[in-house]
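For ligands, and for the atoms within them, numbers begin at 1 and follow the listed sequence.
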Amino acid sequence: MSKVKLGVLLSGRGSNFIAIADAIADGSLPGCEIAVVLSNLTDAGGLNAARERGLPALAIPGKGLTREEHETKLIAALQEHGVELVCLAGYMRILTPLFIRAFPQKIVNIHPSLLPSFIGTHAQTQAFEYGARVAGCTVHFVDEEVDHGVIIVQRAIEVQDEDTAETLAARILVEEHKAYPEALRRVLSGSYLIEGRRYIQRS
Ligand code: GRF
């Protein structure tokens with residue numbers, strides 16, 4: 001059976017990418033392979049982590065380009081590598097409809113809050129400062145609104161009195177590393193329905 005080709009987009013250290021790669025390597029995320037890792041930043045740590053694993057890893061900087069020009073390059077690189085499912089893993093640029101329409105219902109993202117609370121950047125600090133008693137992460141399909149698409153998986157933790165914004169973010173990250181492979185297992189099963197905003201697993 002041929003494996004579904006994943007393309008990962010990241011801008012940072014890439015710990016979620018590593019969680020996905022490790023899950024593929026240990027057999028807990030079967031039926032897929034990472035075809036390419038792309039970043040808008042040449043110095044993204046995640047690119048080095050990908051190269052250490054022998055994976056194609058390319059920086060495609062956006063500087064001096066319009067968003068659409070940049071995304072056209074990203075789309076071309078993903079298509080050249082045969083990517084069927086795009087995984088945003090700490091990719092820090094908002095995607096335009098041009099990119100989203102190139103991979104309809106085939107882009108997933110992880111966000112470090114229980115959506116729809118705390119969209120945008122620094123979601124963990126937003127949750128901490130708001131005084132939320134429960135925090136967590138969300139893996140969702142990407143649509144044309146920021147942090148908005150159909151939710152696949154959420155994982156929640158309780159905020160502890162002794163937490164700081166930093167310890168809370170670190171504990172949410174532990175959950176992210178479980179949530180992303182779990183969401184990909186679900187989506188790659190191909191056995192799900194989407195009814196309105198609801199993701200329903202069939203098996
Ligand atoms: C994660 O917190 C993710 O939820 C957010 O960006 C961060 C990326 O971290 N979208 P990493 O690069 O995967 O370690």
Side-chain angles (χ1 to χ4, degrees), residues 6-25 28-29 32 34 36-53 55 57-62 74 85-96 99-100 103 107-130 132 134-157 159 163-187:
L6 309 181
V8 178
L9 266 60
L10 52 77
S11 303
R13 64 196 160 183
S15 71
N16 278 287
F17 149 68
I18 291 168
I20 295 166
D22 286 350
I24 293 171
S28 61
L29 178 55
C32 65
I34 296 173
V36 68
V37 178
L38 302 179
S39 181
N40 58 317
L41 300 178
T42 46
D43 59 356
L47 286 178
N48 287 334
R51 292 184 186 120
E52 281 165 13
R53 285 168 169 72
L55 295 169
L58 305 170
I60 301 183
L74 294 174
L85 183 66
V86 179
C87 303
L88 306 182
Y91 185 67
M92 299 308 282
R93 293 197 98 189
I94 291 170
L95 294 165
T96 77
F99 188 94
I100 291 160
F103 298 95
I107 310 172
V108 289
N109 181 45
I110 187 155
H111 184 73
S113 78
L114 295 172
L115 290 174
S117 292
F118 311 122
I119 66 169
T121 52
H122 308 300
Q124 309 95 322
T125 304
Q126 289 185 54
F128 179 78
E129 290 180 351
Y130 194 86
V134 177
C137 61
T138 304
V139 184
H140 62 95
F141 285 111
V142 173
D143 66 12
E144 294 183 19
E145 289 179 52
V146 175
D147 298 330
H148 176 267
V150 166
I151 292 170
I152 306 161
V153 166
Q154 291 188 305
R155 290 183 68 91
I157 56 172
V159 180
D163 264 324
T164 62
E166 290 72 30
T167 61
L168 181 61
R171 293 197 299 112
I172 291 171
L173 192 63
V174 171
E175 302 306 314
E176 293 185 43
H177 297 161
K178 298 174 192 164
Y180 219 149
E182 172 61 19
L184 293 176
R185 265 192 294 280
R186 289 180 176 218
V187 170

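A 4.5 Å side-chain heavy-atom check between Val174 and Ile157 finds every atom pair outside the cut-off. By the 4.5 Å heavy-atom criterion applied to side chains, Ile24 and Leu6 are counted as neighbours. Taking the side chain as every heavy atom from C-beta outward, Ile100 and Glu145 never approach each other to under 4.5 Å.
Given atom 1 (C) of ligand 1, the protein heavy atom at minimum distance is Glu176 OE1, 3.1 Å. With respect to atom 12 (O) of ligand 1, the closest heavy atom belonging to the protein is Gly14 N, 2.8 Å. The nearest heavy-atom contact from the protein to atom 8 (C) of ligand 1 is Gly90 CA, 3.6 Å. Among protein heavy atoms, atom 10 (N) of ligand 1 sits closest to Ile110 O, 3.0 Å. Shortest contact from atom 9 (O) of ligand 1 to any protein heavy atom: Arg13 NH2, 3.3 Å.
At a threshold of 4.0 Å, the pair Glu175-Arg171 does not count as salt-bridged, since none of the basic side-chain nitrogens sits closer than that to a carboxylate oxygen.
Among all heavy-atom pairs drawn from Phe118 and Ala123, the shortest one is O-CB, 3.3 Å.
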So Leu55 and Val8, side-chain contact (heavy atoms from CB on, under 4.5 Å) or not? Walk me through it. CA-CA 11 Å; Leu55 295 169; Val8 178; over 6 Å; no
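Every atom of ligand 1 with a heavy atom of Pro112 under 4.0 Å away is listed here by number and element: 2 (O), 4 (O), 5 (C). Less than 4.0 angstrom separates some heavy atom of Ser15 from each of these atoms of ligand 1: 11 (P), 12 (O), 13 (O), 14 (O).
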